[in-house]
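Structure first, commentary second.
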Amino acid sequence: EIAIRAGVTPGLIRHYFSGKDELVLAAYAKHVEDVAALAEQAVDAAGNEPTARLAAFVTGSLTPPMVDQTKLSLWAGFVETVRTNAAMAEVHRDGYLHYRRLAETLIGAALAEHGRKTSRTECRRFGIMLNAVIDGLWLEGSLSPTEFGDGSLAKIGLEAASAIIGIKLENKAAD
């Protein structure tokens, strides 16, 4: 069935994957990689100003194509396997740490831009808090896309991020 949907022969799939578990692991790794790439693209498009880059990270994490019912369905389909499969858990952990470390780096740079010195421990705490807020808003926005089609989800995320780190974040491109 996978080969048919992919438009390839079953032999090609067997050539690259020894079984279903390996195929699922590769699919999850690709999903995690794609999500990280979307966040990084948003940051890169924001230029060099640290506060603008952090705002773009938050906004990019809380707007389409990141906020998407299909991405939510894919994520939900993998959750149980992540909980019970060590290899899937490792892919998840690596993806989470990559995303959170990006947030921490952006937070540290934005704070420095505003003359605030901060420790790695504080940036880590802020990164964890910001990630939790983004995760919750992403989940809600992906479940209820018509509720937040006006861009309010990203604005709420920016307000929450501003409260967490004590710096006003704005998405000038969306305003």
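We use all heavy atoms of the structure for the numbers below, so side chains are in, but hydrogens, waters and symmetry mates are not.
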Item checked: Residues Glu159, Lys155; criterion salt bridge (charged side-chain N to carboxylate O under 4.0 Å, His left out); working and verdict -> CA-CA 6 Å; Glu159 288 176 34; Lys155 289 177 184 173; over 6 Å; no
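- Although no hydrogens or angles enter the test, the distance criterion places no donor-acceptor pair under 3.5 Å between the side chain of Arg124 and the main chain of Arg101.
- Leu38 CG to Glu33 CD: the interatomic distance, rounded to the nearest 0.5 Å, is 11.0 Å.
- In this structure, Ser18 OG and Ile13 CD1 are separated by 13.0 Å, a value rounded to the nearest 0.5 Å.
- The shortest side-chain heavy-atom distance between Tyr28 and Leu74 does not fall under the 4.5 Å cut-off.
- The cluster map of Ile, Leu, Val, Met, Phe, Trp and Tyr, joined by side-chain heavy atoms under 4.5 Å apart, puts Met129 and Leu54 in the same cluster.
- Annotation: side chain of Val35 is in contact with side chain of His31 (closest heavy-atom distance under 4.5 Å).
- Side-chain N or O atoms of Ser162 include one that pairs as donor or acceptor with a backbone N or O of Leu169 at under 3.5 Å.
- Between the side chain of Lys71 and the main chain of Pro65, a donor-acceptor pair closer than 3.5 Å is present.
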Next item on the list: Check the pair Glu113, Thr51 against side-chain hydrogen bond (donor to acceptor under 3.5 Å, both in side chains), reporting the backbone distance first and the verdict last.
Entry: CA-CA 7 Å; Glu113 180 183 34; Thr51 303; 2.3 Å; yes
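- Shown here for Ala89 and Val82, the closest heavy-atom pair between the two residues is CB-O, 3.5 Å.
- Atom NE2 in His92 sits 13.0 Å away from atom CZ in Arg83 (nearest 0.5 Å).
- The hydrophobic cluster containing Tyr99 also contains Leu139, counting ILVMFWY residues as joined when their side-chain heavy atoms lie under 4.5 angstrom apart, directly or transitively.
- Checked by atom type and distance alone, the side chain of Ser61 never pairs as donor or acceptor with a backbone atom of Ile134 at under 3.5 Å.
- Glu122 has its side chain out of reach of Lys117: every pair of non-hydrogen atoms, C-beta onward, lies at least 4.5 Å apart.
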Note to self: Does Trp138 form a side-chain contact (heavy atoms from CB on, under 4.5 Å) with Leu72? I'd like the steps, not just the answer.
What the structure shows: CA-CA 9 Å; Trp138 173 82; Leu72 173 62; 3.8 Å; yes
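- Leu23 has its side chain out of reach of Tyr16: every pair of non-hydrogen atoms, C-beta onward, lies at least 4.5 Å apart.
- Taking every heavy atom of both residues into account, Pro145 and Ser142 meet most closely at CD-O, 3.7 Å.
- Side-chain atoms of Met88 and Asp21, non-hydrogen and from C-beta on, never get closer than 4.5 Å to each other.
- Residues Met66 and Ile156 share a hydrophobic cluster, clusters being chains of Ile/Leu/Val/Met/Phe/Trp/Tyr side chains in contact below 4.5 Å.
- Here the CG atom belonging to Leu137 is positioned 9.5 Å from the CG atom belonging to Asp135, to the nearest 0.5 angstrom.
- The main-chain N or O of Phe148 is never found under 3.5 Å from a side-chain atom of Ser152 such that the two would form a donor-acceptor pair.
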Margin query: Please evaluate residues Phe17 and Leu25 with respect to the criterion side-chain contact (heavy atoms from CB on, under 4.5 Å), reporting the C-alpha separation (whole Å), side-chain torsions for both, the decisive distance (0.1 Å), and the verdict.
Written below: CA-CA 10 Å; Phe17 304 101; Leu25 179 64; over 6 Å; no
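- Listed here is the closest heavy atom pair of Ala42 and Ala56: O-CB, 3.4 Å.
- Around atom CG of Asp150, more than 12 heavy atoms belonging to other residues, nucleotides or ligands sit under 6.0 Å away.
- Under a 4.0 Å N-O distance rule, the pair Arg53/Glu49 does not qualify as a salt bridge.
- No path of Ile, Leu, Val, Met, Phe, Trp and Tyr side chains, each step under 4.5 Å between heavy atoms, connects Leu97 with Val91, placing them in separate hydrophobic clusters.
- Tracing side-chain contacts under 4.5 Å through hydrophobic residues (I, L, V, M, F, W, Y), one reaches Trp75 starting from Val133; they form part of the same cluster.
- Residue Phe126 comes nearest to Ile164 through the heavy atom pair CE2-O, 3.3 Å, listed as atom of the first residue, atom of the second, then distance.
- Between Leu62 atom CG and Leu158 atom CG the span is 8.0 Å, to the nearest 0.5 Å.
- Counting heavy atoms of neighbouring residues, nucleotides and ligands inside a 6.0 Å radius, atom CG of Leu143 exceeds 12 of them.
- Smallest separation of non-hydrogen atoms from Cys123 and Thr118: SG-CG2, 3.3 Å.
- The minimum heavy-atom distance between Thr9 and Ala3, with the atom names listed, is C-CB, 3.8 Å.
- Taking 4.5 Å as the limit, every side-chain heavy atom of Phe78 sits out of range of all side-chain heavy atoms of Val32.
- Between atom CG of residue Leu12 and atom CD1 of residue Ile2 there is a gap of 12.5 Å, rounded to the nearest 0.5 Å.
- The residues Arg100 and Glu104 are annotated as salt-bridged, a charged nitrogen and a carboxylate oxygen being separated by less than 4.0 angstrom.
- Residues Glu147 and Glu140 form no side-chain contact, since every pair of their non-hydrogen atoms from C-beta on lies 4.5 Å or further apart.
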